[in-house]
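All figures in this text were calculated on a predicted structure; none of them were measured in a lab. In the text below, chain A, chain B and the rest are named by the order of the sequence lines, each starting its count at 1.
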Amino acid sequence: DVKVTQSSRYLVKRTGEKVFLECVQDMDHENMFWYRQDPGLGLRLIYFSYDVKMKEKGDIPEGYSVSREKKERFSLILESASTNQTSMYLCASSPPGQFTDTQYFGPGTRLTVL
Amino acid sequence: DAKTTQPTSMDCAEGRAANLPCNHSTISGNEYVYWYRQIHSQGPQYIIHGLKNNETNEMASLIITEDRKSSTLILPHATLRDTAVYYCIVRGAWEAAGNKLTFGGGTRVLVKP
């Protein structure tokens, strides 16, 4: 079974702090994603990566950056956390595929910025 | 990606089959139907997907109508752990879809003892 793990289930940070969210997958997947999920707004893509050291902006990249130094690890960085970044953050991975694309999600990190 | 329409909520009795409908009348020929679910406070979980033919796996069955304008996810023997929000998604090829998942409102399924 694919396993996607995230470093924390719950995190509380203060405004202005630098925040690192780590995601690791064990299935050698090329593609990895960071989403945030908010009530009434659904799932929104922040960044994704289709290879080591490659990254692409999603729909809402502002205020975030990412790092993919190794294939299995995809990190989301909040350079200076703000209260509007309080959210559930979800990491996902998927194997390469042209016509089908099944994404496997981690358990999520619920981040609260005070 | 084509838009989908699902009922907002539905109840199901434990041990009975749960049939979750989804309308996707604007689906195009190369778009797949995917189902995910999200149990409270957890990440979304892939269930099943299909193009034209009916599909079955260890979790569920997917029935797609011949015109592909609607589909039904069937959980054959619902358990309390199947209580979740179920999302029906229609997606095209990687290049066209931009490889992001877009969840609509989904159907909130409550399995009752």
Side-chain angles (χ1 to χ4, degrees), chain A residues 1-10 21 23 25 27 29-51 54-61 87-111, chain B residues 1-6 8-9 27-53 55 57-60 62 64 68 73 81 84-108:
Chain A
D1 279 351
V2 177
K3 193 163 184 185
V4 180
T5 57
Q6 295 182 227
S7 49
S8 307
R9 289 300 308 273
Y10 299 93
L21 302 182
C23 175
Q25 50 94 3
M27 282 301 291
H29 285 170
E30 275 75 6
N31 308 314
M32 297 188 73
F33 311 83
W34 275 106
Y35 295 87
R36 62 177 284 177
Q37 187 175 32
D38 302 286
L41 296 176
L43 213 60
R44 292 182 291 168
L45 182 65
I46 305 171
Y47 268 96
F48 68 97
S49 167
Y50 51 88
D51 202 354
M54 304 300 285
K55 59 185 180 184
E56 294 285 344
K57 292 180 180 179
D59 295 324
I60 51 164
S87 185
M88 168 73 98
Y89 288 88
L90 292 161
C91 174
S93 73
S94 73
Q98 186 179 12
F99 296 109
T100 64
D101 168 35
T102 299
Q103 297 193 14
Y104 298 90
F105 285 81
T109 296
R110 188 165 292 282
L111 173 67
Chain B
D1 295 340
K3 182 178 169 58
T4 62
T5 305
Q6 299 176 251
T8 305
S9 64
I27 192 169
S28 60
N30 65 349
E31 289 183 317
Y32 286 73
V33 180
Y34 282 80
W35 283 83
Y36 283 77
R37 74 179 182 183
Q38 190 168 20
I39 296 169
H40 181 63
S41 295
Q42 296 184 23
Q45 178 188 22
Y46 164 80
I47 301 173
I48 199 167
H49 74 279
L51 182 63
K52 295 180 184 177
N53 300 322
E55 302 287 344
N57 63 21
E58 64 278 2
M59 287 184 69
L62 174 61
I64 302 174
R68 303 209 323 123
L73 179 76
R81 287 175 293 182
V85 180
Y86 287 77
Y87 296 99
C88 170
I89 302 157
V90 170
R91 297 188 75 239
W94 164 290
E95 294 85 354
N99 203 37
K100 65 180 179 184
L101 280 179
T102 302
F103 285 7
T107 297
R108 192 170 296 274

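In this structure, Ile48(B) CD1 and Thr102(A) OG1 are separated by 10.5 Å, a value rounded to the nearest 0.5 Å. Here the straight-line distance linking atom CZ of Arg9(A) with atom CD of Gln42(B) works out to 6.5 Å at 0.5 Å rounding.
Contact of Gln37(A) with chain B is made through the side chain alone, with heavy-atom distances under 4.5 Å.
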| request: Take Gln38(B) and Leu90(A), measure what side-chain contact (heavy atoms from CB on, under 4.5 Å) needs, and give me the verdict at the end. | output: CA-CA 12 Å; Gln38(B) 190 168 20; Leu90(A) 292 161; 4.2 Å; yes
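More than 12 non-hydrogen atoms from other residues, nucleotides or ligands lie less than 6.0 angstrom from CZ of Arg44(A).
Annotation: salt bridge (charged side-chain N to carboxylate O under 4.0 Å, His left out) contacts of Arg68(B) (sequence neighbours excluded): none.
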